[in-house]
Chemist: 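Below you will find the structure I want to go over with you.
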Protein chains: 2
Amino acid sequence: MPYTYDYPHPAVSVDIAIFTIRNDELNVLLIKRAEAPFRGEWALPGGFVQMQESLGAAAERELLEETGVSGVYLEQLYTFGQPDRDPRERVITVAYYALIPSDQVELRAASDAEGVGWFSVERLPELAFDHPEILETAMDRLAAKVEYSTIALQLMPAAFTLTELQNLYEQVRREPIDKRNFRKKILALDVIEATGEERREGPHRPAKLYRVIDRSRVDVIK
Amino acid sequence: MPYTYDYPHPAVSVDIAIFTIRNDELNVLLIKRAEAPFRGEWALPGGFVQMQESLGAAAERELLEETGVSGVYLEQLYTFGQPDRDPRERVITVAYYALIPSDQVELRAASDAEGVGWFSVERLPELAFDHPEILETAMDRLAAKVEYSTIALQLMPAAFTLTELQNLYEQVRREPIDKRNFRKKILALDVIEATGEERREGPHRPAKLYRVIDRSRVDVIK
DNA sequence: TGACTTAGTGTCTAAACAACACTATAGTTC
DNA sequence: GAACTATAGTGTTGTTTAGACACTAAGTCA
């Protein structure tokens with residue numbers, strides 16, 4: 001059943017950079033393309049926007065399909081529309097990025113399901129289309145927001161140590177942070193609290209565990 | 001000549017919030033709609049993206065058509081795609097905003113040409129479509145960027161006084177600024193310099209004039 | 001020449017940020 | 001059980017930045 005218009009229309013898709021933390025490293029979810037173009041190459045998950053759904057709803061739908069999660073941090077990133085970015089037809093893509101707490105990652109995607117994989121942002125494969133540019137834009141946005149908001153907490157699991165949190169900040173910012181200054185600052189924000197538990201692992205002093213006080217909030221700081 | 005696709009495609013447009021300063025007030029350019037829907041109401045200038053042009057090129061084209069200017073600050077803002085935002089068909093719009101130095105405004109739009117007008121952002125008319133939301137988003141972005149960059153200088157003419165510049169900051173931020181602190185801070189950035197001229201107007205001490213050192217640069221500060 | 005109006009200038013206090021090193025506590029080894 | 005190892009945890013000081021605050025300067029005009 002064909003759809004006909006008086007003048008040409010582009011296709012519109014959403015693509016999502018889905019981040020989480022695995023093995024203390026920032027990871028992004030990629031899909032192995034099963035069809036041409038770029039068959040066999042890795043790409044950001046995405047799909048076409050349905051006519052009756054909003055852009056945000058399309059992004060949520062893609063996120064749910066690929067990871068099984070919903071209700072996590074999801075933000076529109078940028079819209080990419082170079083005329084030749086897809087060799088088949090003109091496709092304009094509205095890119096989003098999502099942050100998933102590392103304990104909410106479904107086994108479906110976490111296990112090495114065929115054609116889906118988590119990749120450390122330090123060791124990315126070749127990407128299809130203009131997805132390298134999209135992913136770079138997402139990482140730049142994330143790095144910028146980490147500086148002036150509490151967005152990084154959206155990646156933390158239900159309980160975590162301050163060392164793990166500092167490690168995330170250091171990865172995103174790509175530079176080391178002083179331990180004492182970091183703890184002073186993050187605790188002064190009053191956005192995390194000690195759970196009272198601690199984690200023992202290895203021949204050294206156990207670390208206190210913390211939780212995010214209000215997961216639904218991302219504060220702008222300063 | 002109809003264009004046919006196997007599945008439905010939305011239309012894609014760009015809309016631009018074009019800002020300048022007129023009479024010491026932040027102004028935005030609006031177009032009076034000549035056709036339905038929202039005939040006779042004011043709207044942001046915009047149009048459909050051509051199949052062979054990039055999104056940025058479409059925005060530049062619209063900007064040039066409406067104001068006669070090019071080469072000014074132009075940035076993608078956000079993409080709006082609620083399914084019902086246009087009653088005719090599904091239209092997804094990629095919004096941009098532009099900043100025009102107040103001495104580059106062409107008479108065409110500056111004069112009260114039929115169907116085009118500059119409006120103070122303090123006294124806006126009713127707007128068509130979801131353009132109130134788009135314009136609010138643009139003003140929020142501008143206010144945010146003024147805080148941490150030198151973007152405000154993109155609105156200043158070739159020569160201006162520090163009082164005029166401070167006045168712009170106060171309007172965008174919607175709160176008064178201390179004159180001495182403002183001058184200290186802006187001069188310490190080393191992005192403007194005295195022209196050596198001064199402006200005499202009215203029964204009081206003349207004001208020194210300044211110019212932007214490098215118009216093409218927008219620095220992120222701090 | 002005095003009144004009026006906007007331009008222009010400096011100091012002090014408080015807060016935020018950056019640099020910096022040692023003690024605590026668990027597990028493991030001998 | 002003493003010594004070793006590895007990571008957790010903790011304060012102070014100097015520097016920089018931000019904010020509060022009031023008077024003098026230099027034109028025009030009556």
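Throughout, protein chains are lettered first and strands after them, A, B, ... in sequence-line order, and every chain is numbered starting at 1.
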Chemist: Less than 4.0 angstrom from a charged side-chain N to a carboxylate O is my criterion; do B/Glu197 and B/Lys208 meet it?
Modeler: no
Chemist: Apply salt bridge (Lys or Arg N to Asp or Glu O under 4.0 Å) to B/Arg61 and B/Glu53, showing your working.
Modeler: CA-CA 10 Å; B/Arg61 178 173 52 76; B/Glu53 74 185 349; 2.6 Å; yes
Chemist: Is the closest basic N to carboxylate O distance between B/Glu122 and B/Arg174 below 4.0 Å?
Modeler: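 Yes, charged N to carboxylate O under 4.0 Å.
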Chemist: So which of residues 191-203 of chain A are in contact with DNA chain C, with a heavy-atom cut-off of under 4.0 Å?
Modeler: A/Arg200, A/Gly202, A/Pro203
Chemist: Less than 4.5 Å apart, side chain to side chain, heavy atoms only: is that true for B/Ile18 and B/Pro45?
Modeler: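 The answer is yes; the side chains approach within 4.5 Å.
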Chemist: As a test of understanding, state which of A/Ile192, A/Asn167, A/Leu209 forms a side chain to side chain contact (heavy atoms under 4.5 Å, CB included) with A/Phe160.
Modeler: A/Ile192
Chemist: Classify the side chain of A/Arg180 and the base of C/dA21 as holding, or not holding, a donor-acceptor pair under 3.5 Å.
Modeler: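 It does, because a donor-acceptor pair links the side chain of A/Arg180 to the base of C/dA21 below 3.5 Å.
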Chemist: Between B/Lys185 and A/Asn181, just flag the one whose closest nucleotide in DNA chain D comes earlier from the 5' side.
Modeler: A/Asn181
Chemist: What residues from residues 157-179 of chain A pass a heavy-atom cutoff of under 4.0 Å to DNA chain C?
Modeler: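 Heavy-atom cutoff 4.0 Å gives A/Asp178.
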Chemist: On DNA chain C, nearest-nucleotide positions of A/Arg205 versus B/His204: which is more 5'?
Modeler: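 Upstream on the strand: B/His204.
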Chemist: To the nearest Å, give me how far apart NZ (A/Lys184) and C1' (C/dA15) are.
Modeler: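 It is 13 Å, rounded to the nearest whole Å.
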Chemist: With sequence neighbours excluded, give me every ring-ring contact (aromatic ring centres under 6.0 Å, His included) pair touching residues 128-154 of chain B.
Modeler: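 Every pair satisfying ring-ring contact (aromatic ring centres under 6.0 Å, His included) with a residue in residues 128-154 of chain B: B/Phe38-B/Phe129, B/Phe129-B/His131.
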Chemist: Does any non-hydrogen side-chain atom of B/Phe80 lie less than 4.5 Å from one of B/Ile134?
Modeler: yes
